Amino acid sequence: MTDFGFVRADMVPSKPAPINTSGVGAWFRKNLFATPLDGVLTILGLVFLVWIVPPLYNFFIGHAVGPGGTVEECRLENAGACWAYISSEMEFFIYGFYDIPEQWRPNIVFALGALLLIPLLIPKVPFKRTNAVLFLLVFPVVSYFLLAGGVFGLKPIPTEKWGGLLVTLIISVVGISCSFPLGIILALGRQSKMPVIKTLCIAFIELIRAVPLITILFMASIMLPLFMPQGTTVDKLLRALVGVTLFTSAYMAEVVRGGLQAIPRGQYEAGASLGLGYWQRMYFIILPQALKHVIPGIVNNFISLFKDTSLVYIVGMKDLLEAVKTKNDTALEWQSANTATTGYLFAAMVFWVFCFGMSRYSMYMERRLNTGYKR
Amino acid sequence: MTTLDTGPAAAPRVAFYNDPVIRGIIYQVVVAVLLVTFIAWIVGNTATNLAAQNKTTGFDFLWKTAGFDISFSLLPWSRGSYYWEAFLVGITNTLLVAFIGIILATMLGFTIGIARLSSNFIVARLATIYIETIRNIPLLLQLFFWYFAVLKAMPAVRESLALPLDIFINQRGLMVPRPTPDQEFTWVLVTFGLALAGAIALGIWATRVRTLTGKYPREVVLAGKVADACVTFLVAFTALFILFSVAFPLSHAPLVAAVVAVVLAAFSLTRFAAISRGVLTFLIAFVLLDTIVGAMFAWVPSLLVSVLSAMIALTIARVGYVGALSRPPSEARFPLALLVLIALGVPGLVYWLTGATLVFEVPVLQRFNFVGGLQLPPEFVALAFGLTIYTAAFIAETVRGGIQAVSRGQTEAAQSLGLKDGDRLRLVVVPQAMRVIIPPLTSQYLNLTKNSSLGAAIGYPELVNVFAGTSLNQTGRAIECIAMVMLVYLTLSLLTSAIMNWYNARVSLVER
Amino acid sequence: MQKTLVTIALAASLGLAATTAQAAILDDVKAKGYVQCGVTGGVPGFSAPDSNNVWTGLEVDYCRALAAAIFNDADAVRYTSLTSQERFTALSAGEIDVLSRTTTWTMSRDTQLGISFVGTMFYDGQGFMVRKADGIASALDLSGAAICIESGTTTELNAADYFAANNLEFNTVVFVDQDEVVKAYEDGRCDVYTTDSSALAAERSKFAVPDDHIILPEIISKEPLGPVVRAGDSAWFNIARWTYFALLEAEELGVSSANVDEMLGSDNPAIKRLLGVEGDFGTPLGLTKDWAYQIVKLVGNYAESYERNVGPATPIGLERGLNALWRDGGIQYAPPIR
Amino acid sequence: MRLPICERKAGKPPDLTRFFKRLLPLVAGLACTLTLATVPAGAQTLQTVRDRGFLICGATNPLPGFAQQDGEGRWSGFDVDLCRGIAAAVLGDADKIEFRSLRGEARFAPLQTGMVDVLTRSGPWTQRRDTLYGAAYTGTAFFDGQAFLVPQSMGVVSAFELDNISVCIIDGGEELERVAEFFFTNQASYTEVPYEDVADLAVAYQAGLCQVVSASGRQLQAIRRALPDPSAHRILPERISKELLGPVVREGDTQWFNIVRWTLFTLINAEEVGITQLNVDSLLAARTPAVRRILGVDGDFGTALGLTPSFMADVLRAVGNYGELYDRHFGPQTGAALLRGQNALWGNGGLLYAAPVR
Amino acid sequence: MSQVSETTVDRPVDTSHMKVSSTNVAIEVIGMHKWYSDFHVLRDINLKVMEGERIVIAGPSGSGKSTLIRCINRLEEHQEGQIIVNGTELTADLKRIDEVRREVGMVFQHFNLFPHLTILENLTLAPIWVRGIPKAEAEATAMHYLERVKIPEQALKYPGQLSGGQQQRVAIARSLCMQPKIMLFDEPTSALDPEMVKEVLEVMISLAEEGMTMICVTHEMGFARQVANRVIFMDQGQIIEQNEPEAFFSNPQHERTKLFLSQILH
């Protein structure tokens, strides 16, 4: 090869990788035993799995008492999770105190919500605008009247009776759809050039972000009555909604601000040069770009909000977690060693499914729009 | 809220006002007026309501006796204490659990975050499962779980779970030994502080000399060698001692251990240092593995466990051996062992010389209860545990993000310059990763502190529970109590963000 | 989009917000058609959702009785589940009309929070548990018995005081923790276990054979739990108070939900007055003449409610003890309806 | 209470963030308004009494043991001591009272018109009185009921032993019915000797026109004390009806209602924890929380009532605890000892129960 | 990557030193294969580089050019065959890898300067910590090389404050500070604006003029013509053709080469 001229006459065919770089063995070597240290970690990991999986399997499935089981089975010495308890109290976990004969109403709301939300989430489905309007404007109104009743001959059901997953979903859906625009307004206010508005927005955002949600809800439950004119009361659900929404909107504002700051100046100037007014500029040019940038942050906020709904026990709402806790504490007929654990695990699974779903959806959208941050 | 009511949608449509400046002023005046009205309305309502309920306001209640018990307090507390003391107790309890949570969560979070980036499939997957499980479940639920489902299911006192180092866990919480230092022990503490400062100063000095001259100072290198040997001896002796007195009981265990340790220490000074290191690694790994795996699989014959542990430990020892082979000579190595020895050895010497005693008051199971030691109530344990586990998942993601933010190119550039792995991490990767990690890490710390308020739900007497809960309930001074609580959190938050701003200004990358 | 959302929020808030006038609670309650009753988040026997997810319990029955007296409909109640922090604010602010939530009547609450305690629905307090086999019927028989007790608590002081006051020999086995005390008692370390009586009952229900243990009727410390109303509205205070008294009076007169209709024909003037057959005691309260009849008919008397919710036949298994009528050895006592 | 921040107009705020600087005056203003806005309203009765300098206290009809006038016109008795207790609580001086004995059914009118501040005895607590007359019963000071007075010589210790006797009873109320009911359920026989007036009962009994008198316990006590040798007669412990006596105040003044209610509860609670007129000062050093709270050493329970923190100690210093009060007027040294019976503490088999001072 | 330009340096290139005089082999690659899991990315690479040789590797993207030079300082691992650098064979042995890396400098497409360090610190980092050179000496060397790349005035700035071309020159200087015997360039100009390409090429040419052994993956065909004494064309992971620049450009032999050249040279 020292001679310069060289022309390859026959192409070297692609040949399979040597056994140590491909195939199952290679995968094992690369991912499990790349270095001796890796091997050690793998073995320790396996030891850990061997240690933890069988007891978990036995608890969740092996020795668990299925939905048809009885409390006596749950009370057996080596019984696992008591799923029978969950299935027997399921109604309370989903609807709270909602009148049993009227439970078709929340069911319709659930179905309607799913029906409107799913096409909204799938990018390929058309009529997005109509769909969004239906979901954000029509659906809440319909749901409210359907759930609260008092019209069209529906039996009125006060919000105190709503509970369980129903309340969790209501608070999170309303919280998400209200805190989003509110957060945008706050973010715009914070970017504003008007000192009074800017200061107010900053003060609001920083104050809310500085304190735990629990204190905001404490305020909603204990101090709000003091702030209202004598004799005025605010519905508890509304209080929880307002508390959670205000709280989230402050965080949302910070996320949106991040997006706004990422928009180059040129975009603002271009908008202005087209003669668009402030709101037109924001609506048509700035926000669509800014929001796209911060989808992961927004969804993270939604996930936090969804998890934070569990704090509404402070205002005495029986959301899913509180409903489970109530039954754990009061369903004496189901008392057994694992009843409480099973209850909490059930709630954990429900929360997990929703949060995990949201985070996966966000990742999917991120990939689709390809605007996600690297981190 | 008011700021929203006055969306510029209410803009006057008169042409005269279309001047943006005037319009801006008008908007602001409208907002300000609305806000002031709103506040006045609230204040008025509040005053009326309080008057109607025949309630008084003001902070005079702080100087009244509280008359309730607080189950856990670092400060002296009795029913006769004042409300302001309750306030302080709440703050200290919050800070205590936050402090412990932060330390533990940082350790766990960094481990998990690094594990998640591991090229090892199982390790990375376990870390992912951990993170995805934990951060998608509400913290409150996790606290309930730890408190009501796990701690309550812990064994009763007499069947306490005995952990090493005289730590016990049972329904009543965690019992740990309580250090009871005597008067002379103050000197040990003072020396420790001095020695630590000295060791750090020595480290800095040695590094500076290393930078300026290309070599560590001769004396330091020599002392480092000796320190290496000493550390080798100490570690080997401890491991062997445990091995021979617990795992494989041997008569004259201390003597045998000492002899072997001396041999290992001597080897570590020669060119057979790598072998010495391999043996040392084996010893530590084996002792640890045998204990832990033995505890995990109590039903497996101990011989099997020992053999398995020995095999794993051998592999680890090989890693250690190879690592030691490629170690730079002591002249080019940072004298870590020396510094550790100074920081710990000097106080140890003072401890021995002054005859100071630090006796650990061990919790002892008396007929019905543990007596002595530090008894941490289950609420504290559950809260600290829950906060740690939960926050660690977020810290792990932060850490992962930070490490990933340092592009592969940086690593490659460092590699191509011939920097060794340790130097590469120390000089290139960590400084860059940390500047990405620290801001979100701080906000995680702040979140942890704020989340500690959920302790109220399981009865841990932290600030919200003690002050916005019990005190408020006793006094009925809702506004005052909640305002004070919020003020504490606000202060913490503002302080943190001030420090962060300072830090960010200091480390932010200079860009064009 | 924002604008429309705000509109929806406003509409919803208007729809959800209800108003109550401070002054005349009764008028307001009548106007809205139900009693808003503050209850716990769930304490079995006192207020907790049952297996049909309906609120039940002794305290819930009180609310139902109030509703029965006002509306002739025991179901005209809406329950607000309250935390202990918010209960008094909720009451003062008029969010609830009556608070019936395991609230101990204490001086500071009665005098400093702008609220008034109506009476004592349930006398709780420290009690004693013994093994049935020991054949002990009263705390006065406990002289010399080994008593398991939690140290450093008021429990210990109360017990010491009680024994001293009754000239009984006091012999304790002291522990630092509740669980331990129970354990020691269960293991036979001592003959008697003492703590708050409702806690006693709860502990007992956890024993392998709860029926082997009995809770003695004596209660030696005071935790009077009762309904609370806002201070300042005497009319409402009177309704709340006399609803409670009516429950007691009905028991005393032997009127129960089962026999209330035949009791309408009773010759006993006290029964006649109670059931509104003779005299009109409802009008001064702003109620109908048969207010107490409705209470008994729809909710039952105190004894019925007690037995149904916390009595010996329930998992809570509390003997009447202090909560028996005055003539049966307890201290539940109501002024006559006259 | 005033915040220092109210005075200085946020001169040089700490160098934190800019928005905080702007927020400071706002917060300060809000805090000032909130903390300064206060006032308990509607404390009329207390203020009236304070302004007047003494308490006007009433009870229905003089009744020996409850309220009687000595030769010099000074009132004494159970009812009077209750008043003295209230005066001690409100004015710090138990003697600053004016006691009025009211006759007949008109007793609620003076209360309503404000002529008296509190009625310590106004006839038994019934629903009508509680709800119709604009009055509010604050609690029970004396459990009473219809009982039987018998001569010791009869050798009867329980009402259930009574059989084949003649009973003097007031005619016109429910008393006749009660007795009839009682004897009917006991399957005992009796002859009723009805009289129109209480005074006549004593005369008839003394004259031997009947063997037994049946009336409310307090009336029997009065009759018995008027007899030449009270100790030769006995009031049987059974009560065949319910009568509750207790202080009554005007409806609508919650603060005054609470003052009277908690003065009464103080007496009962003090007996329960063993505070007496004699040891009240030495117990100031006690460590028992319940004692310390009652004596105002721990906590402040008075200010909210518009009283001093130590008002309960003042009450006890002035009149002693409930037991002392009772013994003073119905105890053995009166020569006509009336058993505590239902008026014993709840722990001692009685019905007296007061919510705790906490 | 797709941007292929033909920027040339206007001044005459001094080729006096550019004759390969040495007979010492700097790099020898023998029968080397590499796979990314199942993808056969480098196939049967045989290459011998003499000291002082300047080799330009060209080829369409994905042809394995970068992978090849990354294998040479073991940023990538090969599975078959041998790579011998300065007489040291590259194996998994960390010691040997370190030895090789100390002799081989590398310049990356994206510069990979350390953004948290000043230019001077970037340059002195490795000399101080790898070679144990005293700081003052390392700084003197660093300033020397900064002058060579004509930006001594930027020494105390941070990378973020420099233009792309300046950064790449710093990156070259950083490698030079370690006084390598061989320099590898991985598309050093393809991330730069055209006017900056020139300043980087200037530096590279002057380096070549000094007789540095260089392997350069680049699309700068002008550079190849002026400086290289061998051009290697790669496609599908293999060396398709190699020749002296003149011959390579004027008379490509292989169809693939012809196609490639016709595409980039119009």
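Every value quoted in this text rests on a predicted model; they were computed, and no experiment measured them. Just so it is clear: chains get the letters A, B, ... in the order the sequence lines come, proteins before strands, and each one is counted from 1.
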Name the member of [options] that forms the most heavy-atom pairs with chain C at distances under 4.5 Å.
options	value
A/Glu333, A/Glu322, A/Lys327	A/Lys327
A/Ala323, A/Pro158, A/Ala331	A/Pro158
A/Arg239, A/Met317, A/Lys325	A/Arg239

What heavy-atom pair brings [X] and [Y] nearest, and what distance separates the two atoms?
X	Y	answer
C/Ser81	A/Lys318	OG-NZ, 3.5 Å
A/Thr330	C/Val43	CG2-N, 4.1 Å
A/Phe97	C/Asn53	CD2-O, 3.0 Å
C/Asn52	A/Ile100	O-CD1, 3.7 Å
A/Pro225	C/Glu95	CG-OE2, 3.0 Å
C/Pro315	A/Leu332	CB-CD1, 3.6 Å

Chain C contact via A/Tyr98 - which portion, at a heavy-atom distance below 4.5 Å: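 For A/Tyr98, there is no contact with chain C at all, as no heavy atom is under 4.5 Å.
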Residues two or more places apart in sequence or in another chain: which of them pass ring-ring contact (aromatic ring centres under 6.0 Å, His included) with C/Phe88?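 C/Phe88 satisfies ring-ring contact (aromatic ring centres under 6.0 Å, His included) with no other residue.
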Output the distance between atom OG (C/Ser51) and atom CD (A/Glu89), rounded to the nearest 0.5 Å.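 Between atom OG of C/Ser51 and atom CD of A/Glu89 there are 7.0 Å.
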OH of C/Tyr34 to CD of A/Glu160: how many Å apart, nearest 0.5 Å?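 That separation rounds to 6.5 Å.
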Only counting residues at least two apart or in another chain, list the ones meeting salt bridge (charged side-chain N to carboxylate O under 4.0 Å, His left out) with C/Glu223.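 For C/Glu223, the residues satisfying salt bridge (charged side-chain N to carboxylate O under 4.0 Å, His left out) (neighbours in sequence not counted) are D/Arg358.
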Heavy atom to heavy atom, less than 4.5 Å: which residues from residues 66-77 of chain C reach chain A?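 Heavy-atom contacts from residues 66-77 of chain C to chain A are absent.
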Would you list the atom pairs, donor with acceptor, under 3.5 Å between side chains in residues 179-189 of chain A and any protein atom, with sequence neighbours excluded?
from     : atom 1 : to       : atom 2 : distance (Å)
A/Ser179 : OG     : A/Gly175 : O      : 2.8

